[in-house]
2 protein chains.
Amino acid sequence: MAEDYESFKLDLSLSKTEICRELFRENANLIRIKKEHVAVGNLVRIIDSTLRLANGGGFQAMSLRDLSADCGMSLGGLYAYIRNKDDLIHLIQRHGFKLTQRTMLRYTEPVAEPRERLFAAIRTHLYLSELMRAWFYFSYMEAKNLPQQEKREAVAAELAIENILYDIIEQGIAAGRFRDVNARLSASVLKAMLQDWYLKRGKYRRQNVDVDTYAQMLREMMDRYILA
Amino acid sequence: MAEDYESFKLDLSLSKTEICRELFRENANLIRIKKEHVAVGNLVRIIDSTLRLANGGGFQAMSLRDLSADCGMSLGGLYAYIRNKDDLIHLIQRHGFKLTQRTMLRYTEPVAEPRERLFAAIRTHLYLSELMRAWFYFSYMEAKNLPQQEKREAVAAELAIENILYDIIEQGIAAGRFRDVNARLSASVLKAMLQDWYLKRGKYRRQNVDVDTYAQMLREMMDRYILA
DNA sequence: GTCTATATAGGGATAGAC
DNA sequence: GTCTATCCCTATATAGAC
């Protein structure tokens, strides 16, 4: 994979428009607008505004009037893209998880050596969350406010990401490259450190820690903990 | 300090009533009820319900009508304890930070040896968050929904807790017991792992990981990362 | 496909009885 | 010190014009 964050960005070349285009195609049944170029352009603004407003004061506190004002669309117009307010969370979350899982696999599967593979996983997660900070933050913070069924989906999706880490660690242990640690628990605390990167972004900026520095820190931590 | 979680609980002997008694005394100017035994009893129920309801679906989504029904008090009666809904967050958060900081210092300051002192900090944080899980979870999740001024207070309070970890690590480096790591960054990621304990409590329960197992895991991680 | 106007419900907060 | 009744506002969601 790419050597640093800037190369990763170029390699992935993931624009807001492209993200929303895929999101539109996945949810064509739900969205009443049929012309792709119209729908995608509006979705970009709707989601952009949702993330900004909700990450500021919480999703519940953001009224659809606030949202429509911020994204430059009328209140009635919004309802051509969603059936109700909660659809917005679901839309954003589901696509985020899908994208994360796919990207994690794309950059880890080609790497055979366990230690490098784990590092690739660490970097991919950090890089992607750096690129889509607001998206990740929103998904994390609003997960608990979902209705039962969708909450379970969200928990399951989170677990799927964690399982990618778990599998790498297990594989490393089986290959004798890693010590015989508790792989599940190791994956969990690694995940906690990965998530802190987007949850406390401001703090790390104040510390002058950039994403590659943070990645190196986690690599060293895991190396020391886990290498045979 | 105590050897395990159960001994810690006995040593600290912190009941809901005692927590709310102190909270009442600190906020006597704000609370209109003057008889301590009356006020404390009601505060216990109010806060208990607030934590349960807000941790379920978010603080904004919890109406004061829900709250009054849950805690068995009338809507009008509630307003003798708070001036407005946001007071509830502030009340809970401020006292939580105070209690955490005091408890952390109480159990770490007597320990001179850096490695043991760091372990004492780890265990105290985990134990306290185990004892007051709902409280910690609430404080974390609702911090971002506070108005500017109070949000800054919350960030500062969080930093004060992190600084306790930072100071211990710095001290260990100065004493030559720890490697010359980035102390600030080390404290930050340690904090992330400590917080994951109360943020993902359900996950760890499903893994059959109890608080002392988790504490040992973090001790080993930090040992391997930081020992000279 | 997007708008304005509006229906309907439920929110926070207060007044004043007990 | 606690309750009931109520004020007033803003929320989500929809109807129907353009």
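Lettering follows sequence order; numbering is per chain, from 1. Atoms considered below: every heavy atom in the structure, side chains included; atoms not considered: hydrogens, waters and symmetry mates. Because the structure is a prediction, the values reported are computed rather than measured.
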Of all pairs that satisfy salt bridge (Lys or Arg N to Asp or Glu O under 4.0 Å), the ones with a partner from residues 122-138 of chain A, not counting sequence neighbours: A:Glu130-A:Arg201
To the nearest angstrom, how far is [X] atom [atom1] from [N] atom [atom2]?
X: B:Lys85; N: C:dG12; atom1: NZ; atom2: P; answer: 5 Å
X: B:Leu67; N: C:dA13; atom1: CG; atom2: C1'; answer: 14 Å
X: A:Arg32; N: C:dT2; atom1: CZ; atom2: P; answer: 11 Å
X: A:Leu64; N: C:dT2; atom1: CG; atom2: C1'; answer: 16 Å
X: B:Asp86; N: C:dG11; atom1: CG; atom2: P; answer: 16 Å
X: B:Asn84; N: C:dA13; atom1: CG; atom2: P; answer: 5 Å
X: A:Met62; N: D:dT10; atom1: CE; atom2: P; answer: 18 Å
X: B:Tyr79; N: C:dT14; atom1: OH; atom2: P; answer: 7 Å

Contact residues, residues 33-59 of chain B to DNA chain D [heavy atom, < 4.0 Å]: B:Ile33, B:Lys34, B:Lys35, B:Val38, B:Asn42
side-chain hydrogen bond (donor to acceptor under 3.5 Å, both in side chains) contacts in which one or both residues fall within residues 134-143 of chain B, not counting sequence neighbours: B:Glu142-B:Asn145
B/S/- contact track for nucleotides 3-10 of chain C, protein heavy atom under 4.0 Å: BB-B----
All ring pair (Phe, Tyr, Trp, His ring centres under 6.0 Å) counterparts of A:Trp197, not counting sequence neighbours: A:Tyr204, A:Tyr214
Qualifying residue for side-chain contact (heavy atoms from CB on, under 4.5 Å) with A:Cys20, from A:Asp48, A:Asn42, A:Val40, A:Ile46: A:Val40
Salt bridge flag under 4.0 Å for residues A:Glu26 and A:Lys98: yes
Pair B:Arg21 + B:Glu18, salt bridge at N-O below 4.0 Å: no
N or O in side chain of A:Tyr81 less than 4.0 angstrom from C:dT2 OP1/OP2: yes
Spacing of CD1 belonging to B:Ile122 relative to OH belonging to B:Tyr127, to within rounding of 0.5 Å: 11.0 Å
Point-to-point distance, once rounded to the nearest 0.5 Å, from CG of A:Leu131 to CG of A:Leu14: 6.0 Å
For B:Glu22, all residues meeting salt bridge (Lys or Arg N to Asp or Glu O under 4.0 Å), sequence neighbours excluded: B:Arg102
